[in-house]
Amino acid sequence: MCFHTLVITSLLFLYFSHSLLAQPLHFKKGEEQIQFFLSNDKEPILSIPLSKTPFLKIAQSTPSVKETYGFFKFKENIFKKCVQQSIDSIYASPREIKIIGKLCSCNYQLLLTALDSNQVKLKISLSDSSYNRIYFNYLSNKEETIFGLGEQHTHNNLKGQKVPIWVQEQGIGAGDQPISSIANIKMAGGSPLSSYAPIPFYISSQNYAFLLNNSSRAVFDLQKPKHIELEVWDNQLEATIWQAKEPLDLIEAYTEEHGRPTPLADWAYGTIVGLQGGSRLVTKYVDSLEASGVKLSAIW
């Protein structure tokens, strides 16, 4: 990756003349990475690579999508991809850090904005609207464990997985064999990571939480030990990142902004029985259960 001469504005020099304790947002740039810090926290809230792998790639693509019974298959026709990234300038103020550069002939901007002492907004935008894929790389480590990304049925720690954010059926078998192979005759087998309730939010063992704010299709590639690559089917990327000492604090910060569930009705904690076969058969089973003293809350 080629990097042009780095231009630091007078705002940055003014920034360094004050104590870091007074600065909500600051960064450290080395040969291998740029680290972004909130307040006086010793751990970065975000780190992006500067060597070997560009932190930003873009592409133009036309997808082919097949849907059957609520299951989806995606094929990508990428006809133009740019990995030649440069950094032309970095501007810094107490609450914002802006990186400006080029990807081939396309200008890009990465903007980090501190909202408070434990939260930043990330925005990546492109000047050329014909690019409809963004690949954002940020640093991880092999010890990091990642939890979340919505309702996942197979894996607890998602490190090492490639997780699509797309609402679809979970699948008959969801990757377990041989049932999934049989169901996939009708494209209904699903996969270990297909979900009907995906959420682009995760909590890391490194004391941060990440939320993608885009509503377009996305893929979290967590397979590499030292990198996370976020693929977004859009011309811009917007995310929120929180930092805290405890997972509960991260959950509270997320739900404070995006809402908390109300308590369920009492009947939801009772016995709910899943039955099928027509009203006559279902009624027969219900009568039998009630005759045996089972207190039913609902039939699914």
Side-chain angles (χ1 to χ4, degrees), residues 33 35-38 41-49 55 112 115-122 124 134-171 173-176 180 190-233 237-264:
Q33 63 182 334
Q35 295 177 304
F36 302 93
F37 297 84
L38 268 176
D41 204 296
K42 295 180 180 179
E43 296 297 325
I45 194 170
L46 178 69
S47 300
I48 56 176
F55 66 80
L112 269 181
L115 300 185
D116 52 41
S117 61
N118 73 331
Q119 181 182 183
V120 298
K121 290 286 186 181
L122 167 68
I124 298 171
I134 292 178
Y135 306 85
F136 177 52
N137 258 294
Y138 50 105
L139 296 179
S140 176
N141 63 64
K142 61 182 180 180
E143 290 82 20
E144 183 177 10
T145 50
I146 291 176
F147 309 98
L149 295 179
E151 186 173 27
Q152 297 294 331
H153 302 79
T154 306
H155 299 284
N156 185 24
N157 175 19
L158 294 171
K159 184 72 169 179
Q161 306 300 321
K162 190 173 184 177
V163 186
I165 303 298
W166 185 261
V167 177
Q168 61 179 328
E169 288 290 343
Q170 173 68 16
D176 285 346
S180 286
S191 76
L193 295 165
S194 54
S195 174
Y196 40 72
I199 301 172
F201 170 80
Y202 71 81
I203 290 178
S204 165
S205 60
Q206 301 298 306
N207 298 324
Y208 76 91
F210 187 102
L211 170 70
L212 177 67
N213 293 315
N214 293 60
S215 59
S216 51
R217 173 175 163 82
V219 179
F220 285 84
D221 189 345
L222 312 169
Q223 298 176 104
K224 296 178 181 178
K226 296 183 179 181
H227 291 263
I228 294 173
E229 182 173 86
L230 172 55
E231 173 187 346
V232 178
W233 289 27
L237 185 158
E238 296 189 25
T240 306
I241 310 172
W242 293 270
Q243 193 170 40
K245 299 299 183 184
E246 300 292 337
L248 182 59
D249 296 332
L250 293 169
I251 294 173
E252 287 183 345
Y254 166 69
T255 57
E256 182 179 4
E257 182 170 333
H258 292 277
R260 293 166 180 158
T262 56
L264 297 175

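Please read all numbers here as calculations on a predicted model, not as lab measurements.
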Checklist entry - Yes or no on ring-ring contact (aromatic ring centres under 6.0 Å, His included) for His153 and Tyr196, after CA distance, side-chain angles and deciding distance? => result CA-CA 10 Å; His153 302 79; Tyr196 40 72; 5.6 Å; yes

Next on the checklist: Apply side chain to side chain contact (heavy atoms under 4.5 Å, CB included) to residues Phe36 and Ile48 and explain how you reach the verdict.
Outcome noted: CA-CA 9 Å; Phe36 302 93; Ile48 56 176; 3.9 Å; yes

Next on the checklist: Evaluate Phe220 against Ile146 for side chain to side chain contact (heavy atoms under 4.5 Å, CB included), listing each step before the verdict.
Outcome noted: CA-CA 11 Å; Phe220 285 84; Ile146 291 176; over 6 Å; no

Item to check | Candidate pair Leu158 and Leu193, rule side chain to side chain contact (heavy atoms under 4.5 Å, CB included), full reasoning | outcome: CA-CA 10 Å; Leu158 294 171; Leu193 295 165; 4.2 Å; yes

Next on the checklist: Determine whether Ile199 and Tyr254 satisfy the following criterion, side chain to side chain contact (heavy atoms under 4.5 Å, CB included), listing intermediate values before the conclusion.
Outcome noted: CA-CA 12 Å; Ile199 301 172; Tyr254 166 69; 3.8 Å; yes

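Separating the OG atom in Ser47 from the CD1 atom in Ile45 is a distance of 10.5 Å, to the nearest 0.5 Å. Between the CD atom of Glu238 and the CD1 atom of Ile124 there is a distance of 10.0 Å, given to the nearest 0.5 Å. One distance of note links CG of Leu122 with CG of Leu212; it measures 9.5 Å at 0.5 Å rounding. With rounding to the nearest 0.5 Å, the separation of CH2 in Trp233 from CD1 in Ile165 is 13.5 Å. One distance of note links CD of Glu144 with CG of Asn207; it measures 10.0 Å at 0.5 Å rounding.
For Pro247 against Ile203, the heavy-atom pair with the smallest separation is O-CD1, 4.1 Å. The heavy-atom pair separating Pro164 from Pro198 by the smallest distance is O-CB, 4.5 Å. Closest of all the heavy-atom pairs between Trp242 and Gln119 is NE1-CD, 3.4 Å.
A donor-acceptor contact closer than 3.5 angstrom is absent between the side chains of Gln243 and Asn118. Side chains of Gln168 and Ser194: no donor on one and acceptor on the other come within 3.5 Å. Defined by atom type and a distance below 3.5 Å, a donor-acceptor pair is present between the side-chain atoms of Ser140 and Lys159.
Between Gln223 and Glu229, every side-chain heavy-atom pair lies at or beyond the 4.5 Å cut-off. Within the 4.5 Å cutoff, the side chain of Leu149 has no heavy atoms near those of the Gln161 side chain. Annotation: side chain of Ile241 is in contact with side chain of Tyr208 (closest heavy-atom distance under 4.5 Å). In this structure, the side chains of Leu230 and Leu237 come closer than 4.5 Å at one or more pairs of heavy atoms. Counting only heavy atoms from C-beta outward, the side chains of Leu46 and Leu112 approach each other to under 4.5 Å. The shortest side-chain heavy-atom distance between Leu38 and Ser117 does not fall under the 4.5 Å cut-off. Residues His258 and Leu211 meet the side-chain proximity criterion, which asks for heavy atoms closer than 4.5 Å. Using a 4.5 Å cut-off on side-chain heavy atoms (C-beta onward), Leu139 and Gln33 make contact.
A donor-acceptor pair under 3.5 Å links the side-chain atoms of Arg260 to the main chain of Glu252, judged by distance alone. Put simply, the side chain of Asn214 never gets that close to the backbone of Ser216: no donor and acceptor are under 3.5 Å apart. Between the side chain of Asn156 and the main chain of Phe147, no donor-acceptor pair closer than 3.5 Å is present.
No more than 12 heavy atoms of other residues, nucleotides or ligands lie within 6.0 Å of CD in Glu256, so this atom counts as exposed by the packing criterion. Other residues, nucleotides and ligands contribute over 12 non-hydrogen atoms within 6.0 Å of the CD atom of Glu143.
Under the salt bridge (Lys or Arg N to Asp or Glu O under 4.0 Å) criterion, Glu257 pairs with Lys121, not counting sequence neighbours.
Between Tyr138 and Phe210, the ring-plane angle classifies as parallel under the 30° and 60° cut-offs.
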